[in-house]
Amino acid sequence: MVEIKSLKKCYGDRTVLDIPELVFENGTVTALAGANGSGKTTLLRILAGIIKKTEGSVKTPASVLYLPQQCYAFRGNLIKNITLSGADEKEASVLLRKLGLDNLASKKAKSLSGGELQRLALCRILSKKCELLLLDEPTSACDARGAQLVTEAINDYKEKYGCTVIMSTHSPALAVNSAQRLIVLGSGRIEADGAPSDILSSPESQWAKSFTSGWKI
Ligand SMILES: Nc1ncnc2c1ncn2[C@@H]1O[C@H](COP(=O)(O)OP(=O)(O)O)[C@@H](O)[C@H]1O
Ligand SMILES: [Mg+2]
C-alpha cells in the first residue's frame with residue numbers, strides 16, 4: 001500500500017504539492033492527470049524517493065521502479081540496453097517484440113527516435129520485478145500504435161506481478177484502458193478522484209473538461 005499524509009512540497013515560499021491524505025491500495029492502477037505544472041512529476045519523484053518532501057509522511061513498498069519523463073539510452077544496441085538491468089537476452093527480445101522494437105534490436109540505442117526511446121526505456125523497466133511501478137507520461141512521445149503497445153505492456157506487467165501502478169498521463173485513452181482510478185491534480189491539489197469513466201463523462205473541474213474535450217468514451 002502507498003500511504004500519503006499531510007504531504008507538502010515547497011520551492012522557496014511556493015507550495016507546488018499539497019495533499020492532506022491519499023492511499024493507493026495494493027494492486028491498483030491509477031492515472032494522474034493535470035495541466036503542465038500541476039505537480040504530477042513532483043508527486044511521482046517523491047514516491048520514487050528521488051526528491052525530498054517538505055512536510056508530511058509517505059509510505060511506499062520496498063521495491064519501486066520509476067520511468068522518468070525524459071528517457072535516456074545507454075551506449076550499445078537495444079538488447080544491451082535491456083540486459084544491463086539484469087535481464088537475459090531472451091527476455092530482452094520478448095520485451096522488444098512486445099513494444100514493437102524487435103526489428104531495431106541490434107541498432108544503436110542512441111540513434112532511436114523519441115517514441116522508440118521511450119518504449120526502450122519502458123522495456124528496461126519492465127524487465128525487472130517491483131511492487132510499485134511509477135510511470136511519468138509513458139506514452140507522451142509515442143504515436144497511436146506505440147501508445148497502444150505501451151498500454152498493453154503495462155497491463156500485462158500488472159497482470160503478471162500484481163503490482164501497484166501510478167502513472168501520469170495526458171492521454172484519456174491510457175487512463176480509460178489501463179487505470180481503474182483517475183486523480184486530477186490542479187496547482188498541486190487533488191481536484192478530482194474517481195473512476196476514469198465517471199470523471200471523463202462528468203468532469204468535476206474545468207481542467208478535466210479540457211482533458212476530455214473531443215474525446216468520447
Ligand atoms: N526544482 C524545482 N525548483 C523550483 N520549482 C520547481 C522545481 N521542480 C518543479 N518545480 C515547479 O513545481 C511545479 C510542479 O511541477 P511538475 O511536478 O513538474 O508538474 P507536472 O509534472 O504536472 O507538469 C511547477 O510549477 C514547476 O515549475
Ligand atoms: Mg511532469
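Here the structure is a predicted model, which means the values were calculated and not measured. If you read the sequence from its start, that first residue is 1, and numbering goes on from there. Values below: all heavy atoms of this structure, side chains included; hydrogens, waters and symmetry mates excluded. Remember, it's 1-based here, ligands and their atoms both numbered in the order they're listed.
Between the CZ atom in Arg119 and the CG atom in Leu78 there is a gap of 10.0 Å [rounded to 0.5 Å]. Separating the CG atom in Asn155 from the CG atom in Leu174 is a distance of 8.0 Å, to the nearest 0.5 Å. Atom OG1 of Thr15 is separated from atom NZ of Lys9 by 11.0 Å, given to the nearest 0.5 angstrom. Atom CD1 of Ile79 sits about 6.0 Å away from atom CD of Glu89, to the nearest 0.5 Å.
Shown in contact with Gly39 at under 4.0 Å from a heavy atom are these atoms of ligand 1, numbered in order with element: 14 (C), 17 (O), 19 (O), 20 (P), 22 (O). Close contacts of ligand 1 with Ala35, meaning ligand atoms under 4.0 Å from a residue heavy atom, involve 22 (O). Applying the 4.0 Å criterion to heavy atoms of Asn36 picks out, from ligand 1, the atoms 23 (O). Distances below 4.0 Å separate heavy atoms of Thr42 from the following atoms of ligand 1: 14 (C), 15 (O), 16 (P), 17 (O).
Nearest protein heavy-atom contact of atom 12 (O) of ligand 1 is Val16 CG1, 3.3 Å. Given atom 9 (C) of ligand 1, the protein heavy atom at minimum distance is Tyr11 CE1, 3.7 Å. The closest protein non-hydrogen atom to atom 23 (O) of ligand 1 is Gly37 N, 2.7 Å. Scanning the protein for heavy atoms near atom 18 (O) of ligand 1, the closest one is Thr41 CB, 3.6 Å. Nearest non-hydrogen protein atom to atom 22 (O) of ligand 1 is Lys40 NZ, 2.8 Å.
There is no side-chain donor-acceptor pair under 3.5 Å between Ser106 and Asn77. Side-chain contact of Gln69 with Ser140: a donor-acceptor pair under 3.5 Å is absent, judged by distance alone.
Look at Arg14 and you'll find a heavy atom under 4.0 Å from some atom of ligand 1. Residue contacts with ligand 1 do not include Gly34, since none of its heavy atoms lies under 4.0 Å from the ligand.
Of the possible donor and acceptor atoms, one in the side chain of Gln118 sits under 3.5 Å from a partner among the backbone N and O of Ala141. Checking side-chain atoms of Lys40 against main-chain N and O of Ala35 turns up a donor-acceptor pair under 3.5 Å.
Contact of the Lys8 side chain with the Lys53 side chain is not registered, since no non-hydrogen atoms from C-beta on lie closer than 4.5 Å. His170 is listed as a side-chain neighbour of Glu137, based on a closest heavy-atom distance under 4.5 Å.
With Ile154 as the partner, the side chain to side chain contact (heavy atoms under 4.5 Å, CB included) test is satisfied by one option alone out of Val29, Ile125, Asn177, Leu135: Leu135.
Protein N/O/S atoms closer to the Mg ion (ligand 2) than 2.8 Å number 2 in this structure.
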